[in-house]
Chemist: 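Below you'll find the structure I mean.
Basis for what follows: all heavy atoms, side chains included, without hydrogens, waters or symmetry-related copies. Note that the structure is predicted; figures quoted are calculated from it, not measured. Nothing fancy with the numbering, it's 1 onward along the sequence.
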Amino acid sequence: MLRVVAGVIFFAHGAQKLFGWFGGYGLTGTGQFMDSLGLSPGYAMALLAGSAEFFGGLALIIGLLVRPASVILAVTMVVAILSVHLGNGLFMSNNGYEFALALLAMAVSLSFSGAGKLGLDGILSGSR
């Protein structure tokens, strides 16, 4: 259950960054934001973060390559916490790191637990 829920959240946030879906700003807007944070080149950073979240989220949803996807997602959340949210305190109401920290915990947990028996990783490995 954790894998699918985390996957949906990451997928949606990646889609916001890459395609502007779900009220996002797309690559151009996200790239400009990342440039304003000093993460340059912003467009490339938006592409990397958006791809990590979109494709990593998709990997979690279907349960394929969950451990490596989770490690990449965890690193992405550490960068988000340190570069965007840390200075705003804990709570989301102030754009703090609360939500990113929860996503980081999910990603770290999944990097240890893997896809489980119902994920493609488990099915392909024959552990189902």
Side-chain angles (χ1 to χ4, degrees):
M1 192 69 193
L2 177 66
R3 174 176 59 78
V4 173
V5 171
V8 167
I9 294 168
F10 279 116
F11 175 85
H13 280 265
Q16 286 180 314
K17 289 175 181 70
L18 292 177
F19 311 117
W21 297 355
F22 313 115
Y25 298 106
L27 278 174
T28 301
T30 304
Q32 290 170 351
F33 173 69
M34 290 195 172
D35 268 329
S36 76
L37 296 172
L39 297 171
S40 295
Y43 188 88
M45 293 300 179
L47 183 61
L48 287 172
S51 295
E53 293 177 0
F54 183 82
F55 294 109
L58 186 60
L60 296 186
I61 291 168
I62 65 174
L64 183 64
L65 300 171
V66 167
R67 285 189 169 101
S70 295
V71 169
I72 291 167
L73 290 166
V75 170
T76 303
M77 290 300 97
V78 168
V79 172
I81 289 168
L82 294 176
S83 63
V84 179
H85 302 290
L86 191 63
N88 300 320
L90 174 65
F91 296 104
M92 283 177 49
S93 59
N94 297 324
N95 197 29
Y97 58 90
E98 176 181 24
F99 184 60
L101 183 62
L103 290 174
L104 172 61
M106 290 179 188
V108 169
S109 176
L110 288 167
S111 72
F112 286 100
S113 67
K117 293 180 182 178
L118 298 179
L120 281 179
D121 286 346
I123 293 168
L124 293 174
S125 71
S127 66
R128 180 171 177 215

Chemist: Can you see which heavy atom on S109 is nearest to which on L2, and at what distance?
Modeler: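 Where S109 meets L2 most closely, the heavy atoms are OG-CD2, 3.8 Å.
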Chemist: Return the minimal non-hydrogen interatomic distance between F10 and G57, and the atom names on each side.
Modeler: CB-CA, 3.9 Å
Chemist: Apart from V71 itself, what residues make up its hydrophobic cluster when side-chain heavy atoms of I, L, V, M, F, W and Y under 4.5 Å apart count as a link, directly or indirectly?
Modeler: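 Joined to V71, directly or through intermediates: none.
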Chemist: For F55, enumerate each residue passing the ring-ring contact (aromatic ring centres under 6.0 Å, His included) test, keeping only those at least two apart in sequence or located in another chain.
Modeler: none
Chemist: Which heavy atom of G63 sits nearest to which heavy atom of A115, and what is that distance?
Modeler: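 Result for this residue pair: O-CB, 3.5 Å.
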Chemist: Please report the interatomic distance CD1(I61) to CZ(R3), rounded to the nearest 0.5 Å.
Modeler: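 The CZ atom of R3 is 9.5 Å from CD1 of I61, to the nearest 0.5 Å.
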Chemist: Applying a strict under-4.5 Å side-chain criterion to I, L, V, M, F, W and Y, I'd like to know whether V8 and L110 cluster together.
Modeler: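 Hydrophobic grouping puts V8 apart from L110.
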Chemist: Indicate yes or no: at least one non-hydrogen side-chain atom of L103 is less than 4.5 angstrom from one of L73.
Modeler: no
Chemist: Of all residues at least two apart in sequence or in a different chain, which pass the side-chain hydrogen bond (donor to acceptor under 3.5 Å, both in side chains) check with N88?
Modeler: none
Chemist: Which atom pairs, donor and acceptor, lie under 3.5 Å between side-chain atoms of residues 75-82 and protein residues at least two apart or in another chain?
Modeler:
unit_1: T76; atom_1: OG1; unit_2: I72; atom_2: O; d: 2.9

Chemist: If you look only at pairs with a residue in residues 72-126, which of them pass as a ring-ring contact (aromatic ring centres under 6.0 Å, His included), with sequence neighbours excluded?
Modeler: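 Qualifying pairs, neighbours excluded: H13-F99.
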Chemist: Sorted by first residue and then second, give each side chain to side chain donor-acceptor pair (under 3.5 Å) pair with at least one member in residues 23-34; sequence neighbours left out.
Modeler: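 Of all non-adjacent pairs touching residues 23-34, none passes side chain to side chain donor-acceptor pair (under 3.5 Å).
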Chemist: Enumerate the salt bridge (charged side-chain N to carboxylate O under 4.0 Å, His left out) contacts for residues 61-76, please, sequence neighbours excluded, ordered by first and then second residue.
Modeler: none
Chemist: For residues 44-64, which residue pairs qualify under salt bridge (charged side-chain N to carboxylate O under 4.0 Å, His left out), counting only residues two or more places apart or in two chains?
Modeler: K17-E53
Chemist: Clusters formed by hydrophobic residues whose side-chain heavy atoms approach within less than 4.5 Å: which one holds F33, and what are its other members?
Modeler: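 M34, L37, L39, M45, L48, V84, all in the cluster of F33.
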Chemist: For S113, what residues pass the side-chain hydrogen bond (donor to acceptor under 3.5 Å, both in side chains) criterion, not counting sequence neighbours?
Modeler: none
Chemist: Is there a path of hydrophobic side-chain contacts, each under 4.5 Å between heavy atoms of I/L/V/M/F/W/Y residues, joining L124 to V66?
Modeler: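 Each belongs to a different hydrophobic cluster.
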Chemist: Which pair of heavy atoms, one from A6 and one from M106, lies closest together, and at what distance?
Modeler: CB-SD, 3.7 Å
Chemist: Start with the C-alpha distance between V4 and L60, add both sets of side-chain angles, then the distance that settles side-chain contact (heavy atoms from CB on, under 4.5 Å), and finish with yes or no.
Modeler: CA-CA 6 Å; V4 173; L60 296 186; over 6 Å; no
Chemist: What residue pairs, at least two apart or across chains, pass salt bridge (charged side-chain N to carboxylate O under 4.0 Å, His left out) with a residue in residues 25-50?
Modeler: none
Chemist: For N94, enumerate each residue passing the side-chain hydrogen bond (donor to acceptor under 3.5 Å, both in side chains) test, keeping only those at least two apart in sequence or located in another chain.
Modeler: none
Chemist: What is the minimum heavy-atom distance between A59 and A69, and which atoms define it?
Modeler: CB-CB, 3.9 Å
Chemist: Looking at D121 and G114, would you say the former's side chain and the latter's main chain have a donor-acceptor pair under 3.5 Å?
Modeler: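 Side chain of D121 to backbone of G114: no pair is present.
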